[in-house]
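The structure appears below as structure tokens.
For clarity, every value in this text was computed on a predicted model and none was experimentally measured.
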Amino acid sequence: MQTLSQINKNLEVIKKLIKLNSKIFYYKNINYFPLIKLAMFTNTGLENRKKRNKIFSSIKFLSNIPFFLINKFFYKKYLKKNLRKTDVVFFSDVNFYYDKYKNKKFNAFIDPYFRLISKKYNSTKLEIVPHWHNDKKNKLVQPIYIKFLYLNLIKFIFFKIKDYLFFKEKKFYKDLEVLLKEHQIDFNKDSFQKKFDQIYFHSKLLEKILKKIDPKTVLLTCYYNDMSLSIILACKRLNIKTVDIQHGGFEPEHVMYRYWQKSELNKGYELLPNFFWVWHKDHLKDKFYYHNKNHKVVEGGKLLIQNIEKIIENTQKNLTPKDRNFIESLKKYKKKILFCATSDVPDCLIKSIKISQKNKNWLWMIRLHPRHSNYKKLIEKLIKENISLKNIQIKNPSKINLQFMINKSSHVLIDQSSVVLDAAYQKKPVICLTNQKNLFSSWDNLKVCNFSSNPSKIISLIKEVNINRCSNAINYEVRDFASLKNFFFN
């Protein structure tokens, strides 16, 4: 995740790039502007790739061909048995199984929507995985696995060999590098080119699957990751509608959902989905979506919220003895402060914990992000500041269900996390640890949280504010299914 200073810096550059002639960003009839923003957002394509031994990598890959051929035979049988024509396809991300429900892994960004729409339409859940992935059948909504290597083994081998040994620089990327450097953007053309080559290649492989099942609509989440971009590109070529389901907040000033070129109002972007399914219409009010016919916002709600009571009840029922003891221990604390990290723990939180050490009936619960946080680094920070770990819990809050932990807390603190909306729904007071409210306009307008990066002020808010008074932070149901039907399936 980027720091707020990085976000501010990127915003200034993007605002300048928007004013340039859009033709500069076109290559093979595709506008690369979304990919350039993505490179800035994730810092990919801005740095040199790690060097690898190309000869060794090629030999290692080729030596596994006999093994690949055997597996391809069984994988073809697997697809033949499971793939059917379907109205709706959901693409699930294998990295997004953060929680469990009924002791099964649960993708909160896809599964609730699949369960709703599959009641009305013939639906299939697909998941792109590496060729070595083993199906443990431990997911609440079991997907059909897509393994690129086995969809077209010969093409995949040639693509890898070409990438390893015969990479050829294209003039477009060289010109793009010159342009971006003029705007003080460090840009690595080779890394960027390889990234898009892979997205394009994967999209061609996905066409084979999509033609076979012939869906009217494809739903996915986090549209701007590499796999989702490949899916969208394949769907655009096959005239299949695509829907990006909101997976997090559009704050702080999320550049992958804001700041688009006016010149593309009529044509739209090949790399953007047709529809953006949002939790609340006020979360994404960019004029671009309301003045074009190619990319529309649909207020469908966050369907997970419908099941909060069941999730809390089920989590309580399935707690391990160790987790149950931890939850019981919370009763002795007056303030149970839950911080939900998106990456590293900010210094202002560390300082807030330090100055509150005398409050023995306060417990600080730090929930690390499942993919972006560093436990060891956090402990080192706390020890360096001479902070006692007695009133701090990290491991238990990080592994127990998020909605359950919000329910058991008295206050919720965030840096950039959309957990602010879930906490507001549960009426928990929230503090966003920043003083830059201008980057969080929708949260500020909805009054879902207080803002402060001042440790003394943070402590004061925890003492004084005991309830979240926002009554409209998030919608939790599809209020107009007829409209969704009209948008997605006609």
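Within a 6.0 Å sphere centred on NZ of Lys102, other residues, nucleotides and ligands contribute 12 heavy atoms or fewer. Around CD of Glu313, the count of heavy atoms belonging to other residues, nucleotides or ligands within 6.0 Å does not exceed 12.
A distance below 6.0 Å separates the ring centres of Tyr223 and Tyr257.
At a threshold of 4.5 Å between non-hydrogen side-chain atoms, the residues Ile14 and Phe33 count as touching. Using a 4.5 Å cut-off on side-chain heavy atoms (C-beta onward), His254 and Phe41 make contact. Inter-residue side-chain proximity for Ile379 and Ile394 is flagged as met; some heavy-atom pair is nearer than 4.5 Å. A heavy-atom distance below 4.5 Å is found between the side chains of Ile327 and Phe404. For the pair Glu264/Asn31, a side-chain contact is recorded, criterion being any heavy-atom separation below 4.5 Å from C-beta on. Within the 4.5 Å cutoff, the side chain of Phe440 has heavy atoms near those of the Cys432 side chain. Using a 4.5 Å heavy-atom threshold, the side chains of Thr217 and Phe275 count as separate. Annotation: side chain of Ser442 is not in contact with side chain of Asp282 (no heavy-atom distance under 4.5 Å).
With hydrogens and angles disregarded, a donor-acceptor distance shorter than 3.5 Å links the side chain of Arg258 to the backbone of Phe250. For the pair Thr221 (side chain) and Ile245 (backbone), a donor-acceptor distance under 3.5 Å is present.
Neither side chain, Ser356 nor Asn359, offers a donor N or O lying under 3.5 Å from an acceptor on the other. Side-chain N/O atoms of Ser92 and Tyr97 include a donor and acceptor closer than 3.5 Å. A side-chain donor from one of Asn225 and Asp93 sits under 3.5 Å from a side-chain acceptor of the other. For the residue pair Lys293 and Asn274, no side-chain donor N or O sits within less than 3.5 Å of a side-chain acceptor on the partner. Between the side chains of Tyr101 and Asn307, no donor N or O sits under 3.5 Å from an acceptor N or O.
With values rounded to the nearest 0.5 angstrom, Asn314 atom CG is found 7.0 Å from Asn103 atom CG.
Below 30°, between 30° and 60°, or above 60°: for His283 and His280 the angle between ring planes is below 30°, a parallel geometry. Relative ring orientation between Phe288 and Trp260 is described as tilted, the plane-to-plane angle lying within the 30° to 60° band.
Ion pair Lys457/Glu464 not flagged as a salt bridge, since none of the NZ, NE, NH1 or NH2 atoms sits closer than 4.0 Å to an Asp/Glu carboxylate oxygen. Ion pairing between a basic and an acidic side chain is recognised when a charged N comes within 4.0 Å of a carboxylate O; Asp111 and Lys139 show no such pairing. The pair Lys384-Asp347 does not count as a salt bridge, with every side-chain nitrogen at least 4.0 angstrom from each carboxylate oxygen.
When the ring-ring contact (aromatic ring centres under 6.0 Å, His included) test is applied to Tyr259, no partner is found at least two apart in sequence or on another chain. By the side chain to side chain donor-acceptor pair (under 3.5 Å) test, Lys334 pairs with no residue at all, sequence neighbours left out. A search for side chain to side chain donor-acceptor pair (under 3.5 Å) contacts involving Asp422 returns Lys302, Gln403, not counting sequence neighbours.
Both cation-pi conditions hold for Lys395 and Tyr375: the charged atom is under 6.0 angstrom from the six-membered ring centre and inside a 45 degree cone around its axis.
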One pair to check against side chain to side chain donor-acceptor pair (under 3.5 Å): Asn466 and Lys335. What are the steps and the verdict? CA-CA 10 Å; Asn466 296 308; Lys335 302 289 185 183; 3.0 Å; yes
